[in-house]
Amino acid sequence: MRVATWNVNSVKTRLPRLLDWLAGTAPDVVCLQETKCPDGAFPVAEVGELGYTVASHSDGRWNGVAILSRVGLSDVTVGFPGQPGFPEPEARAISATCAGLRIWSVYVPNGRSPDDPHYTYKLAWFAALRDALAVELAGGQPATGGGLPLAVCGDFNVAPTDADVWDPAVFTYSTHVTPAERAALAALRDLGLTDVVPTPMKGPHPFTYWDYRAGMFHQNKGMRIDLVYASAPFAGAVRAAYVDREARKGKGPSDHAPIVVDVDLPPTAAE
DNA sequence: ATGCCCTAGCTCCTAGGA
């Protein structure tokens with residue numbers, strides 16, 4: 001079973017690259033973020049030709065998350081209980097059951113700057129996510145996948161450690177590295193979730209994002225802000241994980257690279 | 001080489017990204 005996550009920065013603009021990547025990488029389940037595409041305009045026919053079913057959740061111009069699956073897609077849940085808004089709830093979370101796994105695709109609020117109301121929103125969003133995941137991990141909502149091996153995949157907009165940014169000094173007064181944001185990640189790990197750290201493929205750091213500006217990708221000045229947080233049964237079955245930095249190359253890429261995770265779940269008998 | 005910002009829309013500027 002191959003699970004992937006990718007902030008595509010517009011599914012419509014990225015569609016040719018997405019289709020090529022799906023055909024070449026052959027993931028069973030794909031979490032997408034920043035689809036920036038109204039649900040009715042999602043290219044379901046195009047990805048359908050490659051065997052994928054789609055669950056999407058969008059605001060239109062901003063945000064937007066989706067899950068593509070070729071191994072079944074059921075019990076789709078949009079957002080989560082207690083999800084805060086800015087001021088209205090935004091399209092930043094969707095979850096579904098795929099071949100016996102509970103998969104979440106999340107796009108955590110950016111925060112903008114530590115003194116911005118958006119930063120307070122970001123921390124509140126994390127706290128509500130933690131509470132919702134606690135319920136699901138406890139098996140409290142079996143009708144929507146409670147108790148199944150689970151992975152929360154997506155753009156968390158936090159670099160877990162200083163090694164996850166190309167130059168910590170540059171981010172001294174910035175979001176993505178503050179103690180409060182890192183504590184929010186730690187609170188997720190305290191639920192029993194494991195940070196599935198991917199292989200970088202090049203260089204020592206498994207960065208997943210590089211700014212479009214100033215040749216940052218070419219200098220490998222990136223950040224690791226796209227994460228896979230897996231429950232114990234899921235994490236224990238992970239065979240390999242890597243950052244597909246090839247997808248960040250060439251003309252017209254997203255500013256994020258996909259993460260690909262191979263997991264020995266579910267048992268082949270269940271497929 | 002991977003090569004020096006991008007996206008969507010109330011579109012010819014603006015807001016948001018991180």
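The structure displayed is predicted, hence computed values, not measured ones. In the text below, chain A, chain B and the rest are named by the order of the sequence lines, each starting its count at 1. Note: hydrogens, waters and symmetry copies are ignored here, and every other heavy atom, side chains too, is used.
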TODO: Mind checking salt bridge (charged side-chain N to carboxylate O under 4.0 Å, His left out) for Arg70(A) and listing every partner two or more places apart, or none if nothing turns up?
DONE: Asp28(A)

Using a cutoff of under 3.5 Å, can you pull out all pairs of nitrogen or oxygen atoms linking the protein to nucleotides 13-16 of chain B, with atom names and distances?
residue : atom : partner  : partner atom : Å
dT14(B) : O2   : Arg61(A) : NH2          : 3.4

- [ ] Mind telling me whether His256(A) and Tyr209(A) have parallel, tilted or perpendicular rings, with 30° and 60° as the class edges?
- [x] tilted

Task: Euclidean distance for P, dG16(B) against dC10(B) (whole angstrom) - done: 14 Å

- [ ] Determine whether the aromatic ring centres of Phe156(A) and Tyr229(A) lie less than 6.0 Å apart.
- [x] yes

Open item on the list: Under 6.0 Å between ring centres: does that hold for Trp210(A) and Trp166(A)?
Closed with: no

Open item on the list: By nearest atom, which of the nucleotides dA18(B), dA8(B), dG17(B) is closest to the His176(A) side chain?
Closed with: dA18(B)

Open item on the list: With nearest nucleotide decided by heavy atoms, which residue, Ser10(A) or Thr175(A), maps closer to the 5′ end of DNA chain B?
Closed with: Ser10(A)

Task: Distance, rounded to the nearest Å, where Phe217(A) contributes CZ and dA18(B) contributes C1' - done: 17 Å

TODO: Find the distance Glu34(A):CD to dC6(B):P and express it as a whole number of Å.
DONE: 15 Å

Task: Interatomic distance where CH2 belongs to Trp166(A) and P belongs to dA18(B) [whole Å] - done: 17 Å

TODO: Can you figure out which of dA18(B), dA8(B), dG17(B) approaches the side chain of Arg92(A) most closely?
DONE: dG17(B)

Open item on the list: Any base atoms under 4.0 Å from Asp155(A), or only sugar-phosphate, or nothing? Heavy atoms, all strands.
Closed with: sugar-phosphate

Task: Side-chain N or O of Arg14(A) closer than 4.0 Å to phosphate OP1/OP2 of dC6(B) - done: no

Open item on the list: Just the rounded figure in Å: distance from P of dT7(B) to CG of Asp59(A).
Closed with: 19 Å

TODO: Go ahead and name the base partner of dC6(B); Watson-Crick or wobble counts if both distances stay under 3.5 Å, otherwise write none.
DONE: dG16(B)

Open item on the list: Under 4.0 Å, counting only non-hydrogen atoms across every strand here, what does Glu246(A) touch: a base, just sugar-phosphate, or nothing?
Closed with: nothing

- [ ] Check the distance between dA18(B)'s P and Leu227(A)'s CG and give it to me in whole angstrom.
- [x] 13 Å

Open item on the list: Using the P atom as the point on both nucleotides, what is the distance between dT7(B) and dA18(B), in whole Å?
Closed with: 14 Å

Task: Whole-Å gap separating C1' (dG17(B)) and OH (Tyr119(A)) - done: 18 Å

Task: Residue closer to the 5' end of DNA chain B, Asp255(A) versus Gly250(A) (nearest nucleotide) - done: Gly250(A)

Task: Within the 6.0 Å centroid threshold, strictly below: His176(A) and Phe171(A) - done: no

Open item on the list: Tell me whether the side-chain N/O atoms of Thr13(A) come closer than 4.0 Å to OP1 or OP2 in dA8(B).
Closed with: yes

Open item on the list: Applying a 4.0 Å non-hydrogen cut-off, can you work out what Phe171(A) is touching in the nucleic acid: base, sugar-phosphate, or nothing?
Closed with: nothing

Task: Interatomic distance at C1', dT11(B) relative to dC6(B), whole Å - done: 15 Å

Open item on the list: Between Glu34(A) and Asn7(A), is there a side-chain donor-acceptor contact under 3.5 Å, judged purely by atom types and distance?
Closed with: yes

Open item on the list: Testing Leu137(A), Leu191(A), Thr194(A) one by one against Ser231(A) for a side-chain contact (heavy atoms from CB on, under 4.5 Å), which residue passes?
Closed with: Leu137(A)

Task: Close aromatic pair by centroid cut-off 6.0 Å: Tyr107(A) and Trp62(A) - done: no

- [ ] Using a 4.0 Å heavy-atom cut-off across all strands, classify Asn157(A) as base, sugar-phosphate, or nothing.
- [x] sugar-phosphate

Task: Whole angstrom value for the distance that separates P of dT7(B) from CZ of Arg17(A) - done: 11 Å

- [ ] Name the nucleic acid region contacted by Met216(A), choosing base, sugar-phosphate or nothing; use a 4.0 angstrom heavy-atom cut-off, strictly under.
- [x] nothing

Task: Asn220(A) CG to dA1(B) P, straight-line distance once rounded to whole Å - done: 19 Å

